[in-house]
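Just so you know, these numbers use all the heavy atoms, side chains as well, and skip hydrogens, waters and symmetry mates. For ligands, and for the atoms within them, numbers begin at 1 and follow the listed sequence.
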Amino acid sequence: MRSTNATYANLPTTIFETMSRLARHYDAVNLGQGFPDDKGPLDVLQQAANQLLEGSNQYPPMLGIPALRQAVAQHAQRFYGLEVDWQSETLVTSGATEALAAAIFALVEPGDEVVLIEPFYDAYLPLVQRAGATPRFVSLKPPYWRLERADLAAAFSSRTKAVIVNNPMNPTGRVFSTTELDLLAEFATGADAFVIADEVYEHLVFDGASHRSLLSVTGLRDRVIKIGSAGKTFSLTGWKVGYVTAHPTLINLLGKAHQFLTFTTPPNLQAAVAFGLNKQISYFKDLAGDMQRRRDRFVSGLTALGLAPLLCEGTYFANIDITALGADDDEAFCRKLVEERGVAAIPVSAFYRAAPVRSVIRFCFAKQDVVLDAALERLASLRQG
Ligand code: PMP
Ligand code: GLN
């Protein structure tokens, strides 16, 4: 057969799919792929069902249905105090993943550089490469995963077209501090670069902290593409409804990419997500509170087992350092863990390219108590060897 596109030909199946398959094969407790195991808010589901039966099932407007675009604009006002014009500054996509693809394809030219902060969500790199850009990496290191000035200075240049920032951050569970966000803003502004802000975990921030959107960081309003996801905000990861907030020129550009990626997103799901985003503040508080409770249950279980959990400030994810267990290869460790102990986790090296960290594995704690307890019970034997 003729050679095909090298970016995809050389790409393995995603680690999430691989670990979920192994989890099924070994009948393991699956704390690998990041998805919650509850049903999601019943009223949002009901809206989707009603709209499916009673609403239109034909192509909705390309940029999204007005109700959802209005809700996205109001959400930015309610949570971040931002004035957003729904008609020119919002766009609905088929998941955050499509928004990322649209942003990268619309902004980047072959020869440009794009800064990625590793460990990064695995979709970023192939998208950047497929767009013909050169990735430049900022490598964060455990246990604190802090953004440092020297690392940013080494990665940014006059060729930097964009930086992709995931905050709160998968897989580290970090929420970047005001100082770190300001530092990023300084470098992005200095390089005249766009900021693709993957904020899918914006409502999963713990311990009384609140999310600071990069859109509201001084000097960034016109260069940030803020991406949210109903998957995370309503615990419905299979829905794949994403939403973008950005300057009108950028939305216009992203719309051009979006029109030939998916063109649009199922109308009943859009309507239900609009209903969801308009919910009372208590819904969003409870979402974070409930997830924080699960984090506490799981992390204190890990601590009790002597498994050295790292700090988790947000997201679905808690990490442990496996060197304390005499291991130095996270991938081999995860394979053995699923085969021999019946617990699926994700090796954090899968999120690296330049300077892989192989000493940390990631667990998803967005699960029922019984599931977390079952996983902890199986992990208990790890300390005994
Ligand atoms: N970004 C990050 C950091 C993620 O963890 C995920 C995974 N859900 C996505 C983007 C993709 O979101 P969606 O399912 O809405 O495409
Ligand atoms: N975001 C999820 C995770 O990090 C996985 C998404 C996917 O499987 N594509 O686990």
Side-chain angles (χ1 to χ4, degrees), residues 11-24 30-37 40 64 68 72 91-104 116-128 140 145 163-176 196-205 211 213-214 225-244 258 261-262 265-266 269-270 272-273 276-277 291 312-319 334 344-352 360-367:
L11 210 58
T13 301
T14 85
I15 188 70
F16 310 117
E17 180 68 21
T18 303
M19 289 311 302
S20 280
R21 274 187 214 159
L22 287 173
R24 281 192 292 273
N30 188 359
L31 303 189
Q33 192 175 30
F35 62 91
D37 65 355
L68 179 50
V72 169
L91 164 70
V92 177
T93 56
S94 292
T97 309
E98 197 225 340
L100 285 160
I104 293 164
L116 301 182
I117 301 169
E118 58 177 8
F120 54 81
Y121 183 57
D122 64 348
Y124 300 167
L125 182 59
L127 289 169
V128 166
L140 304 189
W145 319 101
V163 51
I164 307 182
V165 186
N166 177 213
N167 186 44
M169 190 186 190
N170 174 13
T172 63
R174 275 229 58 204
V175 174
F176 290 122
I196 300 174
D198 178 345
E199 299 186 354
V200 299
Y201 298 102
E202 62 193 323
H203 291 294
L204 293 166
V205 172
H211 175 66
S213 174
L214 276 159
I225 292 99
K226 177 191 187 306
I227 299 173
S229 170
K232 304 292 148 37
T233 295
F234 302 104
S235 310
L236 298 164
T237 59
W239 275 23
K240 303 295 286 188
V241 179
Y243 25 90
V244 182
H258 162 72
L261 282 168
T262 61
T265 300
L269 300 184
Q270 291 196 49
V273 172
L277 283 179
M291 205 58 75
C312 164
E313 298 163 294
T315 75
Y316 289 160
F317 308 113
N319 295 292
C334 283
I346 301 285
V348 162
S349 61
F351 299 81
Y352 278 89
V360 176
I361 66 170
R362 187 196 85 174
F363 295 102
C364 171
F365 54 73
K367 307 291 175 188

Specify whether Tyr121 and Tyr124 have parallel, tilted or perpendicular ring planes, treating 30° as the upper limit for parallel and 60° as the lower limit for perpendicular. perpendicular

Apply the test side-chain contact (heavy atoms from CB on, under 4.5 Å) to residues Phe234 and Val241: give CA-CA distance (whole Å), side-chain angles for both, the deciding distance (0.1 Å), then the verdict. CA-CA 10 Å; Phe234 302 104; Val241 179; over 6 Å; no

Return a yes/no value for [X]: is any of its N or O atoms, backbone included, closer than 3.5 angstrom to an N or O of ligand 1?
{"X": "Ser94", "result": "no"}
{"X": "Tyr124", "result": "no"}
{"X": "Ala96", "result": "yes"}
{"X": "Asn170", "result": "yes"}

Distance from [atom] to nearest protein heavy atom, with residue and atom:
{"atom": "atom 11 (C) of ligand 1", "answer": "Thr97 OG1, 3.3 Å"}
{"atom": "atom 7 (C) of ligand 1", "answer": "Lys232 NZ, 2.9 Å"}
{"atom": "atom 14 (O) of ligand 1", "answer": "Lys240 NZ, 3.1 Å"}
{"atom": "atom 1 (N) of ligand 1", "answer": "Asp198 OD2, 2.5 Å"}
{"atom": "atom 9 (C) of ligand 1", "answer": "Tyr121 CE2, 3.5 Å"}

side-chain contact (heavy atoms from CB on, under 4.5 Å) assessment of Asn167 paired with Val175: CA-CA 6 Å; Asn167 186 44; Val175 174; 4.2 Å; yes

Under 4.0 Å from ligand 1, counting heavy atoms only, is it the side chain of Glu98, its backbone, both or neither? neither

Would you kindly specify which portion of Asn166 sits under 4.0 Å from ligand 1, judged on non-hydrogen atoms: side chain, backbone, both or neither? side chain

Option among Glu313, His211, Met291 that satisfies the side chain to side chain contact (heavy atoms under 4.5 Å, CB included) test with Leu204: Met291

Does the pair Lys240 and Leu269 meet the rule for a side-chain contact (heavy atoms from CB on, under 4.5 Å), with working shown? CA-CA 9 Å; Lys240 303 295 286 188; Leu269 300 184; over 6 Å; no

Would you say Met169 touches ligand 1, if touching means a heavy atom closer than 4.0 Å? no

Within less than 4.0 angstrom of ligand 1, does Tyr201 place any heavy atom? yes

With a 6.0 Å cut-off on the ring centroids, do Tyr201 and Tyr316 count as close? yes

Distance-only, no hydrogens or angles: does the Tyr243 side chain make a donor-acceptor pair with backbone N or O of Ala99 under 3.5 Å? no

Answer yes or no: is there a side-chain heavy-atom contact under 4.5 Å between Met19 and Gln33? no

Using a 4.5 Å cut-off on heavy atoms from C-beta on, say whether the side chain of Pro119 contacts that of Met169. yes

Taking only heavy atoms of Gly95, which atoms of ligand 1 are found under 4.0 Å from at least one of them? 15 (O), 16 (O)

With distance as the sole criterion, is a donor-acceptor pair present between the side chains of Asn30 and Ser20 under 3.5 Å? yes

Donor on one side chain, acceptor on other, Ser213 and Glu202, under 3.5 Å: no

Quick check on ligand 2: any N or O pairs to the protein under 3.5 Å? One line per pair.
from	atom 1	to	atom 2	distance (Å)
ligand 2	4 (O)	Asn170	ND2	2.8
ligand 2	4 (O)	Arg362	NH1	2.9
ligand 2	8 (O)	Gln33	NE2	2.7
ligand 2	9 (N)	Tyr121	OH	3.4
ligand 2	10 (O)	Gly34	N	2.6
ligand 2	10 (O)	Arg362	NH2	2.6

Axial cation check for Phe35 ring with Lys232, 6.0 Å and 45° limits: no

Could you go step by step and tell me if Phe351 and Asn166 meet the side-chain contact (heavy atoms from CB on, under 4.5 Å) rule? CA-CA 12 Å; Phe351 299 81; Asn166 177 213; over 6 Å; no

